[in-house]
Undergrad: 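Below you'll find the structure I mean.
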Amino acid sequence: MATQSEILQQLIKVAPEYRSGDALAQQFGISRTAIWKTIQGLQAAGYTIESRHGRGYRYVANNRLSASVIQSCLPAEMTPQLIVLPTVDSTNAYLKRWTSQAPLRQPTVVVADTQTAGYGRSGRDFYSPESTGIYLSIGLPVQPQQPFDPGLLTTSTAVAVTKTLAALFAVQVELKWVNDVLVNQHKVVGILSEAMADLESGQVSTVIVGIGINLTTTDFPKKLAAKAGAVVSQTTVTRNQVISRLLTEFLTGYRTYTTGDFMTDYRRLSMVINQQVELKSGTKSLTGIVKDIDSTGALVVQLPSGRVQRVSSGEITKVNLLTGDYHG
Ligand code: BTN
């Protein structure tokens with residue numbers, strides 16, 4: 001008996017064309033009535049399936065998040081485990097709980113329509129309203145001998161997100177070190193990578209890469225309104241499409257990220273090179289001009305004294321652009 005998912009996949013495959021009830025019935029070896037009931041089930045689950053007399057059924061994309069739809073747009077060889085939730089405290093927290101029960105065996109992606117306690121770096125909240133944003137975490141098992149570089153993983157993720165947004169939307173996307181993604185000089189994406197260690201060996205066993213995208217979110221709380229922005233104000237590109245593209249970019253880049261092969265792209269997208277910045281690294285505050293971002297992802301900063309310093313972790317708190325206004 002054909003599952004809902006198989007019939008949905010078939011309709012997605014032929015969309016925007018119709019597929020007749022007869023053809024579906026023959027293909028799946030069930031009656032037209034059984035097809036019709038399955039279509040009703042899909043509609044009840046939130047999929048838009050149009051039916052037209054004499055033509056059959058057709059799938060129309062909508063804003064509902066769906067693991068089947070996300071999977072259908074991934075390359076055939078990419079089959080991460082996909083979990084879509086209507087709501088969760090935090091997709092990162094969800095994956096942390098999951099991996100503390102049982103180790104991951106394959107890349108596992110958790111996506112939620114909304115988060116009630118989404119969080120970012122330095123204990124900050126991540127505003128996660130329903131329907132307008134993308135909140136997902138990618139859990140990756142790390143084998144004992146596998147090289148793992150948190151700095152490069154974070155920068156390669158920023159490149160994957162930026163490439164995705166630049167490919168799907170007519171916007172100019174820039175990166176603010178380390179991994180803030182900006183459109184119109186407003187932060188539209190936050191990335192938070194967390195590593196989990198095996199208690200006995202102390203080695204990293206799982207890495208969780210959390211990505212939050214303000215796709216069309218505009219109603220930010222007051223304290224965020226000046227700095228945060230949306231990728232676009234409206235779009236016909238669905239969140240499922242964005243997620244599929246993002247996972248494709250991310251999982252492709254993940255194969256070679258430890259080589260730093262994406263750093264050329266990272267530098268090209270960076271909006272801080274040759275700009276004056278104020279930054280915090282640990283307990284220190286620095287001001288200087290960014291001369292480069294090196295192959296490990298570290299910022300190469302020329303201090304007012306002329307001395308050049310590498311900064312491998314921290315946060316840029318202010319960018320003094322040579323041109324334009326920056327709100328960060
Ligand atoms: C930051 O900018 O400080 C990072 C924000 C990261 C937010 C994402 S949304 C999906 C995942 N779940 C979370 O709770 N956080 C990350």
Side-chain angles (χ1 to χ4, degrees), residues 65 70 80 82-100 104 107-140 150-151 153-162 164-165 173-183 185-196 206-217 220-221 223-231 239-240 242-243 246-247 250 271-272 279-281 297 313-319 326-328:
L65 292 170
I70 295 168
L82 285 167
I83 298 149
V84 173
L85 306 169
T87 181
V88 72
D89 52 352
S90 146
T91 53
N92 269 34
Y94 181 97
L95 263 180
K96 278 201 235 170
R97 287 193 292 270
W98 175 311
T99 50
S100 66
L104 295 182
T108 301
V109 182
V110 179
V111 186
D113 189 41
T114 180
Q115 298 184 117
T116 54
Y119 59 90
R121 278 169 285 151
S122 313
R124 285 190 288 255
D125 295 341
F126 190 81
Y127 181 57
S128 314
E130 62 183 26
S131 308
T132 58
I134 293 172
Y135 321 109
L136 66 82
S137 300
I138 307 166
L140 301 153
L153 182 60
T154 266
T155 40
S156 72
T157 303
V159 170
V161 175
T162 306
T164 300
L165 299 180
V173 194
E174 296 177 305
L175 288 174
K176 190 185 93 170
W177 187 87
V178 180
N179 55 15
D180 284 347
V181 180
L182 310 183
V183 168
Q185 296 169 6
H186 286 71
K187 176 168 163 171
V188 299
V189 178
I191 299 168
L192 177 69
S193 308
E194 299 184 273
M196 297 190 60
T206 311
V207 61
I208 297 170
V209 181
I211 303 169
I213 306 179
N214 307 323
L215 193 61
T216 55
T217 307
F220 292 100
K223 63 174 181 178
L224 296 179
K227 291 186 177 185
V231 177
R239 290 181 298 166
N240 291 322
V242 179
I243 293 166
L246 174 56
L247 293 179
F250 177 88
M271 51 83 73
V272 299
L279 63 102
K280 276 198 181 131
S281 179
S313 69
E315 189 165 353
I316 292 180
T317 50
K318 192 152 192 251
V319 183
Y326 173 65
H327 304 277

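Only a predicted model underlies this, so the values are computations on that prediction, with no experimental measurement involved. Because only heavy atoms are used, hydrogens play no part in the values below, and waters and symmetry mates are left out as well, while side chains stay in. Counting starts at 1 for both ligands and their atoms, following the listed order.
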Undergrad: As an exercise, identify every atom of ligand 1 less than 4.0 angstrom from a heavy atom of L136.
TA: 10 (C)

Undergrad: Tell me the protein heavy atom at minimum distance from atom 10 (C) of ligand 1, and give that distance in Å.
TA: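 Result: T91 OG1, 3.3 Å.
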
Undergrad: Go through ligand 1 atom by atom and flag the ones less than 4.0 Å from a non-hydrogen atom of G120.
TA: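 Atoms satisfying the 4.0 Å criterion: 1 (C), 3 (O), 4 (C), 5 (C).
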
Undergrad: How close does the nearest protein non-hydrogen atom get to atom 12 (N) of ligand 1, and which residue and atom is it?
TA: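 Checking every protein heavy atom, the shortest distance to atom 12 (N) of ligand 1 gives Q115 OE1, 2.9 Å.
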
Undergrad: Working to the nearest 0.5 Å, report the span between CG of N240 and CG of L65.
TA: 5.5 Å

Undergrad: Tell me the nearest of R124, E315, K187 to atom 2 (O) of ligand 1, using heavy-atom distances.
TA: K187

Undergrad: Return the closest protein heavy atom for atom 3 (O) of ligand 1 as residue, atom name and distance.
TA: R121 N, 2.7 Å

Undergrad: Looking at S281 and S313, what are the two nearest heavy atoms and their distance?
TA: OG-O, 2.7 Å

Undergrad: Starting from atom 8 (C) of ligand 1, locate the nearest protein heavy atom and write down its residue, its atom name and how far away it is, to 0.1 Å.
TA: G212 N, 3.6 Å

Undergrad: Among F126, Y119, Y94, which one has a heavy atom closest to atom 15 (N) of ligand 1?
TA: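 Among F126, Y119, Y94, the closest heavy atom to atom 15 (N) of ligand 1 comes from Y119.
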
Undergrad: The test is salt bridge (Lys or Arg N to Asp or Glu O under 4.0 Å); show your working for K227 and D180 and say whether it passes.
TA: CA-CA 11 Å; K227 291 186 177 185; D180 284 347; over 6 Å; no

Undergrad: Do you know which of T99, L95, L140 makes side-chain contact (heavy atoms from CB on, under 4.5 Å) with V207?
TA: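 That would be L140; it is the only one of T99, L95, L140 passing the side-chain contact (heavy atoms from CB on, under 4.5 Å) with V207.
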
Undergrad: Name all residues meeting the ring pair (Phe, Tyr, Trp, His ring centres under 6.0 Å) criterion together with F250; count only those two or more places apart in sequence or in a different chain, and write none if there are none.
TA: Y254

